[in-house]
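Just below is one structure, and these are the notes that go with it.
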Amino acid sequence: VLNVIGSNITCEGQPVSLSVSGANTYIWSPSTGLDTTAGNTVSANPSLTQVYTIVGTDLNSCEGLINHTVSVPQNPNVSISTSEDSVCIGNIAVLTANGAFTYSWTLSPSLSNIISVIPTTTTTYSVLGTALNGCASTSFITINVNPLPILSVSPTVAAICEGDSLGMTVSGAQNFIWSPALGLNTTIGSNVIATPITTSLYTITGTDINDCSDIISTTVNVNPKPTITLSPSSADICEGASINISSFGANSYLWNPAFGLDSTTNSSVIANPNATTNYTVIG
């Protein structure tokens with residue numbers, strides 16, 4: 001009397017050990033999925049449900065026969081989809097697994113079928129999905145991580161006088177947006193001209209061909225113009241006479257025209273024009 005010991009169910013790709021007793025020698029058939037067709041113990045790894053027939057022969061050359069069925073339920077067809085298969089460093093990608101009953105991620109403690117990840121380098125994620133029948137399979141997905149652009153702006157800090165303009169240049173990406181717009185001739189592009197009326201901090205967002213963005217800033221300090229006063233501001237003199245004119249409010253001065261003046265760079269000058277003259281001083 002033959003007797004088979006061993007599981008009658010296994011998942012695809014997982015061998016099961018089968019042992020038979022009750023005779024002296026044994027022949028197993030068919031050979032599908034078996035590591036051997038002779039002996040009392042075999043390893044069975046069929047890809048589909050298989051009925052094995054074992055013929056046992058005793059010492060008297062008498063034969064007996066027994067059948068043993070190994071059922072192979074289908075493994076789950078596990079897949080992973082993603083919101084982004086390529087992200088910028090620091091950004092989130094949402095991974096969704098489907099096709100099984102329970103899930104276990106290799107790089108996440110979550111047992112949910114949906115996880116959010118923030119990879120710092122290109123990373124391959126895998127999930128083990130188990131069906132209700134206990135069979136499992138694994139799916140993989142790779143999330144590519146692109147670096148942020150490295151931006152450079154010139155100048156990083158600048159000073160201008162009230163009413164003056166300054167050219168600024170940024171590099172390191174393909175597209176640029178400047179903010180705020182106040183005092184700029186444009187808010188897009190790598191080159192702008194700034195004419196702010198007060199000290200301003202400009203922020204530039206640069207975006208590269210991978211749609212990754214970073215931010216850099218530059219400060220334009222606006223210095224007020226000096227207020228120049230003259231004493232006297234106007235005067236009448238007789239022909240051949242002289243008059244002293246003093247200027248206040250700046251550090252250096254330039255008088256124009258030079259005609260009739262003893263100096264064009266002092267804060268105080270002596271004027272001796274031979275005709276009525278309008279003098280201008282830049283401080």
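Residues Thr205 and Ile215 have side chains in contact (heavy-atom distance under 4.5 Å, counting atoms from C-beta outward). Pro119 has its side chain within reach of Tyr125: a pair of non-hydrogen atoms, C-beta onward, lies under 4.5 Å apart. Residues Val281 and Leu230 have side chains in contact (heavy-atom distance under 4.5 Å, counting atoms from C-beta outward). Asn223 is not listed as a side-chain neighbour of Glu162, based on a closest heavy-atom distance of 4.5 Å or more. Annotation: side chain of Leu34 is in contact with side chain of Tyr52 (closest heavy-atom distance under 4.5 Å). The side-chain heavy atoms of Thr96 and Asn113, taken from C-beta on, include a pair separated by under 4.5 Å. Taking the side chain as every heavy atom from C-beta outward, Val170 and Trp178 approach each other to under 4.5 Å. A 4.5 Å side-chain heavy-atom check between Leu166 and Val220 finds at least one atom pair inside the cut-off.
A side-chain N or O of Thr207 and one of Ser213 form a donor-acceptor pair less than 3.5 Å apart. Side chain to side chain, Asn67 and Thr53 meet the donor-acceptor criterion of an N or O pair below 3.5 Å. Between the side chains of Ser126 and Thr106, at least one donor N or O sits under 3.5 Å from an acceptor N or O. Side-chain contact check for Ser165 and Thr195: at least one donor-acceptor pair (N or O, by modelled atom type) lies under 3.5 Å. Looking at Thr169 and Ser154, their side chains never bring a donor and an acceptor atom within 3.5 Å of each other.
Partner Ser86 forms a side-chain hydrogen bond (donor to acceptor under 3.5 Å, both in side chains) with one of Thr122, Asn91, Asn144, Asn146 and no other, that one being Asn146.
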(message) side-chain hydrogen bond (donor to acceptor under 3.5 Å, both in side chains) for Thr124 and Thr142? Distances and angles first, verdict last.
(response) CA-CA 4 Å; Thr124 298; Thr142 298; 2.8 Å; yes
(message) Between Ser179 and Thr203, is the side-chain hydrogen bond (donor to acceptor under 3.5 Å, both in side chains) condition met? List the steps.
(response) CA-CA 5 Å; Ser179 179; Thr203 299; over 6 Å; no
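To the nearest 0.5 Å, atoms SG (Cys135) and CG (Asn75) are separated by 5.0 Å. Note that CH2 of Trp28 and OG1 of Thr36 are 10.0 Å apart. Values are rounded to the nearest 0.5 Å.
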